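Below, chain A is the first sequence line, B the second, and so on; all start at residue 1. In this text the structure is predicted, and so the values were computed from the model without any measurement.
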There are 2 protein chains.
Amino acid sequence: MRLHEKSFFCPSICKRLHKVTKKLPMSTTIKEVAQHAGVSIATVSRVLNNVGPVDERTRERVRESARQLRYVPNAMGRSLSRRKTEAIGLLLPDLFGEFFSEVLRGSDQTAQHSNYHLVVSSSHNNKKEIHAALTMMRGRVDGLVVMSPHIDAEILKENLPPSLPVVLLNCPVESREFDSLTIDNVNGAHVMIEHLLSHGHTRIAIIKGTECNFDAAERLRGYTVALQEHGIAPETCLQAEGDFSESTGYDAVHRLLAQSPRPTAIFACNDSMAIGALSALRDAGIRVPGEIALAGFDDVPIAAYLTPSLTSVTVGIHNLGVRAIDTVLHAVRHHNAHHKQQIILPTSLSLRESCGCHQ
Amino acid sequence: MRLHEKSFFCPSICKRLHKVTKKLPMSTTIKEVAQHAGVSIATVSRVLNNVGPVDERTRERVRESARQLRYVPNAMGRSLSRRKTEAIGLLLPDLFGEFFSEVLRGSDQTAQHSNYHLVVSSSHNNKKEIHAALTMMRGRVDGLVVMSPHIDAEILKENLPPSLPVVLLNCPVESREFDSLTIDNVNGAHVMIEHLLSHGHTRIAIIKGTECNFDAAERLRGYTVALQEHGIAPETCLQAEGDFSESTGYDAVHRLLAQSPRPTAIFACNDSMAIGALSALRDAGIRVPGEIALAGFDDVPIAAYLTPSLTSVTVGIHNLGVRAIDTVLHAVRHHNAHHKQQIILPTSLSLRESCGCHQ
DNA sequence: AAGCCGCATGTAAACGTTTACATTTTACAA
DNA sequence: TTGTAAAATGTAAACGTTTACATGCGGCTT
């Protein structure tokens, strides 16, 4: 009798325990509020979303129940039903440094202002990670801002639904199928080189950005064209490798100082490398701009506080984030009525001490 | 006959158009893959999630259909069914500057490594925005990392379900109900002041952080206690206001230079303010550290590249992000088996030129 | 041939919320 | 009192996906 009971009873109770443990309480659901208030779930939804007719006394009763039960709607259920998430995806190559930090700041402020939130991911310029990030975003975002020097139209089309609004930031994609905002790298670099030329420099070096990087290639092109327009042949010995980090800027200076004759000015393709270069020049006992002038690109917030203050191409990084989010939100709201635009954003120069101005 | 047709036909077709327009195609669903492959949706799920028994030929057929239709599972449906989102929420006071950027970097790397992604939000130390951010996170994240000097246990309990794992970063909450990681601000500041004292400085000023800010208060306390332990009475005229930004650091220096006698060392409560202070000292023609020594707090990556390189309390910012995510993921995975811990993270000193070392 | 077992696959319901349409209630006029 | 219209509320199904359990098929043994 005991064996009989045991063998008969255990499978049944184990199955029931299994079912019970599946139903872990996430937190209060709309059903519990409805029951507590003595109304249907539709009425709770109507009250909390301020939709449709509801008797005031019923409304108050539901409100009180929701308050007592600390009900917060579950975004998963809501999103599935409404088919919108009220989130914008932001895919950046990296999540550190002042440049991306400023993009993020502009993006966050703008999204929050419209009651959207950000889902942020980084791809480390790795195709596999780009694919993973894009895949992960599906069902989580209403629109997407992508900033990646390695992106191409094929990847986007393969990984994203056609209906998802996408804004490309500084991507080497020239398709009219996507909105894009692109910094005028060529002109920014061009004008900066012209400025250094106007200071009398004829031997101008460049610390290049990452190989196979869209921004890096464009900034190098601006440098090259500006020199050529002034009858100066660009020399490869004045073009040092860098990867947009402070340390590679530091190292590049050592290589450039080994050239004979030495450059009299250095253009770093981003401010981080300029900061590293500045440090290396200081360590080498070279006065800036007295012996070698220096210029950067991006004008990150800290540039103005350096010693000497850094002359830099201003791209309005924060504004980049703001405009990207504005654009994607417009596309989200207006569907097919949104007209895709490809915009080139002008740069300007912030002239400070490092080039020789303001001494 | 025409009138008859028109009045009879239009209401019916209008209703059907209304229904059709509701069903906008998001993108390929599991149902379409199932139909394309000639199997049930359960089989598609089994194939794509590698669960249960599936015949190899069926498996291949389903895979091919999914590939052809470019099927990507919808996170909304998946999350609702599985009751997990595979996302971690990260709530920071702000989303700019190297400090938060470094936290973000550590968090992103760690989350990605575990195939989780981040949902990032900022609260600007505003209670309303904290509430909005916490509410927004519900249903979107499996766990939460909160960094806010204004948070208290009450807000957390009112806004979050009891079952949601939460890790507090540098929050003034001393509850054993939450995991927490807190930088040892007091000791960090204390040791830095002792170091400046060891350089012979007896008149040490402080640029304080934001009023009513937990970190700021603790760092001020460390400064005060260290002075008192060396028989030096802290003077309010040597305690300048700041708000953790470069510009307030710059302004604070002007006020401190007006003191008579002048301080011989300045401790800024974060590196951003130290950078601003450095710039102001340079503008005032004061040699650092020859005339006035300078120290910061946080040791952001750029500190080493400044002129002079900045001495700073090292907190391992990146590691902070890493550990926070590790902790919350552990809690997510182990539920009640996870033991809550409140950890004080030690600091160290990065001694560079600005205090007088390494000359 | 019948029965049993294991494997593959399908059916139905779940998850939390929204909303179209059906049903009930209420208020007012005749 | 009755009827009508408007307001309030409820029911059922949708959204996309997962999964417990039911069902069908094939192979093997007696």
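- The CD atom of A:E86 sits 13 Å away from the C1' atom of C:dT18 (whole-angstrom rounding).
- Five base pairs at each end of the helix from C:dA1-D:dT30 to C:dA30-D:dT1 define two local axes, and these are offset by 70° (rounded to 10°).
- The distance between atom CZ of B:R82 and atom C1' of D:dG16, rounded to the nearest whole Å, is 14 Å.
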Donor-acceptor list for residues 33-40 of chain A side chains, cut-off 3.5 Å, not counting sequence neighbours:
| residue | atom | partner | partner atom | Å |
| --- | --- | --- | --- | --- |
| A:H36 | ND1 | A:S65 | OG | 2.7 |
| A:S40 | OG | A:A42 | N | 3.3 |
| A:S40 | OG | A:T43 | N | 3.3 |
| A:S40 | OG | A:T43 | OG1 | 3.4 |

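- Across the protein-nucleic acid pair, A:K31 atom NZ and C:dA13 atom P stand 14 Å apart, rounded to whole Å.
- In this structure, B:T29 reaches the sugar-phosphate backbone alone: every heavy-atom distance under 4.0 Å involves primed, P, OP1 or OP2 atoms, never a base.
- A search for salt bridge (Lys or Arg N to Asp or Glu O under 4.0 Å) contacts involving A:E174 returns nothing, not counting sequence neighbours.
- Between B:E64 and B:R61 there is no salt bridge, since no side-chain N of the basic residue sits under 4.0 Å from a carboxylate O of the acidic one.
- Taking atom CG of residue A:L80 and atom P of nucleotide D:dC15, one finds them 9 Å apart after rounding to whole Å.
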Do any side-chain atoms of residues 126-134 of chain A form donor-acceptor pairs under 3.5 angstrom with protein atoms, and if so which ones, sequence neighbours left out?
| residue | atom | partner | partner atom | Å |
| --- | --- | --- | --- | --- |
| A:N126 | OD1 | A:K128 | N | 2.8 |
| A:N126 | OD1 | A:E129 | N | 3.1 |
| A:E129 | OE1 | A:H124 | ND1 | 2.6 |
| A:H131 | ND1 | A:N159 | OD1 | 2.5 |

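- Residue B:R78 has no polar side-chain atom (N or O) positioned under 4.0 Å from OP1 or OP2 of C:dG16.
- Note: CD (A:E32) to C1' (C:dT17) measures 14 Å, nearest angstrom.
- As judged by a 4.0 angstrom heavy-atom cut-off over every strand, A:S45 is placed among the base-contacting residues.
- The local environment of CD in A:Q68 is crowded, with over 12 non-hydrogen atoms from other residues, nucleotides or ligands closer than 6.0 Å.
- Distances shown here put every side-chain N or O of B:S79 at or beyond 4.0 Å from the OP1 or OP2 atom of C:dC15.
- One atom, NZ of A:K84, and another, P of D:dC15, lie 18 Å apart when rounded to the nearest Å.
- To the nearest 0.5 Å, atom CG of residue A:L92 and atom CZ of residue A:F100 are 6.5 Å apart.
- Using a 4.0 Å cutoff on non-hydrogen atoms, the parts of residues 33-42 of chain B near DNA chain C are B:V39, B:S40, B:A42, ordered by number.
- Salt-bridge check for B:E60 with B:R57: failed, with every basic side-chain N at 4.0 Å or more from each acidic carboxylate O.
- One finds a side-chain N or O of B:R138 lying less than 4.0 angstrom from the OP1 or OP2 phosphate oxygen of C:dT17.
- The side chain of B:T43 approaches C:dT9 more closely than any other nucleotide in the set C:dT9, C:dT17, D:dT17.
- Only A:N49, listed by number, bring a heavy atom of residues 48-63 of chain A to less than 4.0 angstrom from any atom of DNA chain C.
- Proximity of B:R83 to the phosphate of C:dA14: no side-chain N or O atom is located under 4.0 Å from OP1 or OP2.
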